[in-house]
Amino acid sequence: MLIKMPELPEVETVRKGLVHLVKGSKIQAVDVYWDNIITPATEVMQFKEQLQGQTIQDVKRRGKYLIFLFDDLAMISHLRMEGKYEVEETNTPLKKHTHVVFHLTDGRDLRYLDVRKFGRMQLVPLATAMEAGGLKNLGPEPLPDTFLLKDFIAYLATRSRPVKPLLLEQKVVVGLGNIYVDEALFEAKIHPLRPADSLTKAEAKKLRLAIIDVLGRAVEAGGTTIRTYQNALGEAGKFQVALNVYGQTGAPCPRCGTPIEKIKVAQRGTHLCPHCQKLPMKYR
DNA sequence: ATTAATCCCTGGAGGC
DNA sequence: TGCCTCCAGGGATTAA
């Protein structure tokens, strides 16, 4: 099973690679080949002009977002499904699906590639960079000290919608994508369609630990298996984490042997074990 | 205010 | 082989 989309663990690996390769580099000029990558797309000119002469002071991460800190402003970048960064000598031919090129003053380019063109970049003020744009209203990072059980329980109690789409909102906690949310719900033995406010405290406790565990293990794997920072940053699919349910339709559940089922939940493919993750009749 | 639906995109898979 | 249709999905936006 190849993991294609950059989840939080890969974004963190990309961030480290960017720091390693382009921190301290100065932008000479920017080329944009697909305006909709830039938010708002009507301000591509300003985007190019404002970045000219700026030095990359640091690269941060919040949830699945990257935040480039420059001298006078910041850039929020989301890779969405298939976005990736590469560093190449500026005379190297552009690969297909290259949409934004940051020409650096040292003869290299930082290039953004994205087959689906779903990724986005947005310039924001430096002072409020970590709360701007899509970073507004984000939930806590999926760590024991920031993702607190009491807050999780309180949040769940206020929502009646199914727990899976709630977790994908990035509001109760950040970092879960369609893959790891299925894995976390399986680990906690909770059906994706369970109304959030129907979870017991014991279930919330298990689910919180499962989320922290699944993403934490993936971060570790993502940090160890991407081989090089030489030029390809965050080339997707390099890390392998044992997936129990995602993409395992029909395969035996690792816990009980029941065939894994695939259903639709809020327009998303959803994998689960019908024996381990039971849904009471009243919620069907 | 909450929640569901729509949209953005392309490549790959499956049908014929 | 080639053409067609359908599907995948994060999050912003729009509708209900």
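Because only heavy atoms are used, hydrogens play no part in the values below, and waters and symmetry mates are left out as well, while side chains stay in. Residue numbers start from 1 in every chain, and the chains themselves are labelled A, B, ... in the order their sequence lines are given, proteins ahead of strands. For clarity, every value in this text was computed on a predicted model and none was experimentally measured.
Counting to the nearest Å, the C1' atom of dG10(C) and the CG atom of Asp114(A) are 11 Å from each other. In this structure, CD1 of Ile263(A) is placed 13 Å from P of dA8(C), rounded to the nearest angstrom. Counting to the nearest Å, the P atom of dG11(C) and the CE atom of Met121(A) are 16 Å from each other. Residue Met81(A) contributes atom CE, which lies 7 Å from atom P of dG9(C) at whole-angstrom precision. Nucleotide dC8(B) holds its C1' atom 15 Å from the CG atom of Asp35(A), rounded to whole Å. Summarising the geometry, the separation between NZ on Lys117(A) and P on dA12(C) is reported as 20 Å, rounded to the nearest angstrom. Distance CZ (Phe118(A)) to C1' (dT6(B)): 12 Å, rounded to an integer number of Å. Atom CD of Glu82(A) is separated from atom C1' of dG11(B) by 8 Å (rounded to the nearest Å).
Close to dA8(C), at under 4.0 Å from its OP1 or OP2, lies no side-chain N or O of Asn178(A). Regarding contacts with the backbone of dG11(B), a side-chain N or O of His97(A) is found under 4.0 angstrom from either OP1 or OP2. In this model, the phosphate group of dT3(B) is approached by a side-chain N or O of Ser160(A) to a distance below 4.0 Å at OP1 or OP2. Contact between the side-chain N/O atoms of Lys171(A) and the OP1/OP2 oxygens of dG10(C) is not found at any separation under 4.0 Å. Dashed line: the shortest gap from a side-chain N or O of Arg161(A) to OP1 or OP2 of dT2(B) is not under 4.0 Å. The side chain of Trp34(A) places no N or O atom within less than 4.0 Å of a non-bridging phosphate oxygen (OP1 or OP2) of dC8(B). Remark: Lys264(A) is not in phosphate contact with dA4(B), judged by side-chain N or O atoms under 4.0 Å from OP1 or OP2. Taking only side-chain nitrogens and oxygens, Tyr246(A) never comes nearer than 4.0 Å to OP1 or OP2 of dA8(C). The side chain of His78(A) places an N or O atom within less than 4.0 Å of a non-bridging phosphate oxygen (OP1 or OP2) of dG11(C).
The distance from atom NZ of Lys60(A) to atom CD of Glu12(A), rounded to the nearest 0.5 Å, is 10.5 Å. Taken from CZ in Arg194(A) to CG in Leu156(A), the straight-line distance is 10.5 Å, to the nearest 0.5 Å. To the nearest 0.5 Å, the span separating CG on Leu149(A) from NZ on Lys205(A) amounts to 7.0 Å.
With dA12(C), dT10(B), dA8(C) as the candidates, the nucleotide lying closest to the side chain of Tyr65(A) is dA12(C). Taking every side-chain heavy atom of Gln170(A) into account, dG11(C) is the closest of dT3(B), dG11(C), dC9(B).
Across all strands shown, Lys164(A) has no heavy atoms under 4.0 Å from either base or sugar-phosphate atoms. Backbone-only engagement by Lys96(A) is indicated by non-hydrogen atom pairs under 4.0 Å involving sugar-phosphate atoms exclusively. Residue contacts for Arg268(A): at a heavy-atom cut-off of 4.0 Å it reaches a base atom on one of the strands shown.
Side-chain atoms of Arg116(A) stay outside donor-acceptor range of the base of dG10(C), with no qualifying N/O pair under 3.5 Å.
Between Glu141(A) and Arg61(A) there is a salt bridge, with a side-chain nitrogen of the basic residue lying less than 4.0 Å from a carboxylate oxygen of the acidic one.
Mapped onto DNA chain B by nearest heavy atom, Gln267(A) and Glu169(A) fall at different nucleotides, with Glu169(A) at the one closer to the 5' end.
With Tyr180(A) as the aromatic partner, Arg217(A) does not meet the cation-pi criteria of under 6.0 angstrom to the ring centre and within 45 degrees of the ring axis.
In this structure, His78(A) and Tyr65(A) have perpendicular ring planes: the angle between them is above 60°, well past the 30° mark.
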